[in-house]
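All ligand and atom numbering here is 1-based and tracks the order in the structure. Since we're looking at a predicted model, the values are computed, not measured.
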Amino acid sequence: MALIGKVAVVTGAAMGLGNAMTRILLQNGAKVVLLDVNNTAGENFQEALHKEYGSEKTFFFKCDVESEQQIKAALKKTTEAFGGIDILCNNAGILNEGEWEKTVSINMVALFRVTYLALEYMNKLNGGRGGVIVNTASMAGLIPLLSCPVYTATKHGVVGFTRAMSLASKASGYGIRFNALCPGFVQTDLFINIPKRLGQFSNLADETLKLVDKFKVLTVTQVAESFLELVTDETKDGEALIVLPDGTSYMEFPVLC
Ligand SMILES: NC(=O)C1=CN([C@@H]2O[C@H](COP(=O)(O)OP(=O)(O)OC[C@H]3O[C@@H](n4cnc5c(N)ncnc54)[C@H](O)[C@@H]3O)[C@@H](O)[C@H]2O)C=CC1
Ligand SMILES: CCCCC/C=C\C=C\C(=O)C/C=C\C/C=C\CCCC(=O)O
């Protein structure tokens with residue numbers, strides 16, 4: 001799928017992985033709508049992008065993905081400004097085992113809601129153009145991360161939702177591919193600030209650090225390059241792409257029926 005002229009929406013776009021996804025989409029010719037709850041970081045990033053790519057290619061909306069009203073308003077304005085939505089990147093996420101209900105709310109409930117609201121514009125059955133939805137899961141969506149049970153559960157939920165939506169889309173004719181991105185540890189604020197967010201599992205910080213030593217840490221640019229494959233390769237649908245510093249691979253799931 002060529003990205004020239006395509007319209008992408010990225011949640012959690014101001015920082016970290018979302019920032020790198022936004023950049024790689026722009027570099028490949030897409031227009032990008034940035035959604036983020038952090039107004040200062042979002043406005044600063046938009047200003048930088050306007051200087052680099054011109055003011056026609058991006059705009060930023062302050063949007064908390066937990067707010068149905070704010071998502072609806074952002075998607076409506078996106079469609080009014082750019083004429084439709086071709087690519088949705090559900091990337092906003094947190095890791096906070098102390099505030100575990102909020103972790104479930106942002107990583108899973110909000111991701112489901114943003115997807116359903118975006119389908120109203122993207123689904124070919126609703127007059128949309130079809131396209132692709134990439135959900136940022138994690139290696140923790142495939143293998144348990146011992147110090148983060150709730151985070152692990154949310155990311156397993158994202159992988160399951162993505163795969164089921166892919167099947168629903170194919171069976172119903174939405175014209176939308178669904179893929180999950182599953183990176184290991186990535187050098188972002190989320191990763192750096194973890195030790196104080198393990199809550200009752202803070203005794204397992206050292207065990208977690210051993211995993212970090214074993215798996216090593218990715219840059220956001222490495223992950224964005226793999227993300228681009230899920231967006232552009234039309235053969236990828238219902239996939240979970242594992243991204244680690246020594247390479248990428250597609251998860252092989254059991255086939256029972
Ligand atoms: N950093 C890592 O090691 C890994 C991160 N991930 C996932 O990647 C995604 C992005 O994480 P990072 O870039 O690492 O984190 P980050 O903390 O650097 O960036 C997350 C962005 O999401 C925004 N955000 C948070 N809550 C939001 C909300 N309610 N509404 C809208 N925006 C919100 C933040 O303001 C921030 O700009 C998350 O889903 C995370 O679980 C997956 C695997 C590894
Ligand atoms: C063997 C299972 C590994 C599965 C998980 C691998 C990576 C997952 C990364 C994330 O999704 C979230 C990022 C960080 C995880 C949490 C802890 C890192 C601890 C860092 C520290 O204590 O300094």
Side-chain angles (χ1 to χ4, degrees), residues 9-22 34-46 60-68 70-71 74 89-97 99 102-111 113-114 134-159 180-199 201-224 226-227 240-245 251:
V9 174
V10 180
T11 70
M15 287 157 59
L17 276 174
N19 180 302
M21 288 172 176
T22 298
L34 292 66
L35 307 185
D36 205 290
V37 72
N38 184 333
N39 196 47
T40 308
E43 286 191 341
N44 289 342
F45 187 33
Q46 174 177 247
F60 164 68
F61 289 127
K62 181 179 185 296
C63 174
D64 183 342
V65 292
E66 288 187 280
S67 162
E68 179 167 2
Q70 290 179 32
I71 300 161
C89 311
N90 275 314
N91 169 73
I94 63 166
L95 192 165
N96 194 325
E97 295 296 316
E99 292 183 24
K102 195 165 179 69
T103 301
V104 173
S105 171
I106 293 177
N107 292 9
M108 219 163 55
V109 178
L111 184 144
R113 187 179 294 116
V114 175
V134 177
N135 295 326
T136 306
S138 162
M139 272 284 285
L142 302 168
I143 309 172
L145 185 54
L146 78 169
S147 52
C148 307
V150 169
Y151 182 79
T152 294
T154 64
K155 295 304 184 178
H156 275 65
V158 169
V159 171
L181 182 68
C182 299
F185 302 106
V186 192
Q187 194 65 43
T188 67
D189 279 12
L190 180 145
F191 171 74
I192 292 161
N193 292 320
I194 292 300
K196 59 187 179 208
R197 295 197 178 137
L198 294 181
F201 304 101
S202 58
N203 61 308
L204 298 173
D206 287 348
E207 287 299 314
T208 312
L209 281 175
K210 285 184 198 161
L211 290 173
V212 176
D213 281 346
K214 183 176 169 193
F215 284 97
K216 309 292 180 223
V217 182
L218 291 149
T219 65
V220 291
T221 309
Q222 285 173 300
V223 182
S226 301
F227 154 80
L241 178 59
I242 297 167
V243 186
L244 289 170
M251 180 70 185

- line: d(M15 CE, T22 OG1) to nearest 0.5 Å is 13.0 Å
- prompt: Who pairs with E66 by side-chain hydrogen bond (donor to acceptor under 3.5 Å, both in side chains), at least two apart in sequence or on another chain?
  reply: K102, S105
message: With a 4.5 Å cut-off on side-chain heavy atoms, are N107 and I94 touching?
response: yes
query: With distance as the sole test, does N135 use its side chain to make a donor-acceptor pair with the main-chain N or O of V158 at under 3.5 Å?
result: no
- line: Applying side-chain hydrogen bond (donor to acceptor under 3.5 Å, both in side chains) to S147 and not counting sequence neighbours gives T208
- prompt: Side chains of P245 and V217: closer than 4.5 Å at any heavy-atom pair?
  reply: no
message: Could you tell me if the side chain of F201 sits less than 4.5 Å from the side chain of V150, heavy atoms only?
response: no
- prompt: Do V186 and L17 have side chains that get closer than 4.5 Å, going by heavy atoms?
  reply: yes
message: Just so I know, are the side chains of V243 and Q222 near enough to count as touching, which here means a heavy-atom distance under 4.5 Å?
response: no
Which atom pairs, nitrogen or oxygen on both sides, join ligand 2 and the protein at under 3.5 angstrom?
residue	atom	partner	partner atom	Å
ligand 2	11 (O)	S138	OG	2.6
ligand 2	11 (O)	Y151	OH	2.7

Table of N or O contacts for ligand 1, cutoff 3.5 Å:
residue	atom	partner	partner atom	Å
ligand 1	1 (N)	V186	O	3.2
ligand 1	1 (N)	T188	OG1	2.9
ligand 1	3 (O)	V186	N	2.8
ligand 1	3 (O)	V186	O	3.4
ligand 1	13 (O)	L17	N	2.8
ligand 1	14 (O)	T188	OG1	2.5
ligand 1	29 (N)	D64	OD1	2.9
ligand 1	30 (N)	V65	N	3.0
ligand 1	32 (N)	V37	N	3.4
ligand 1	35 (O)	D36	OD1	2.6
ligand 1	37 (O)	M15	N	3.4
ligand 1	37 (O)	D36	OD1	3.4
ligand 1	37 (O)	D36	OD2	2.6
ligand 1	39 (O)	N91	O	2.9
ligand 1	39 (O)	K155	NZ	2.9
ligand 1	41 (O)	Y151	OH	2.7
ligand 1	41 (O)	K155	NZ	3.0

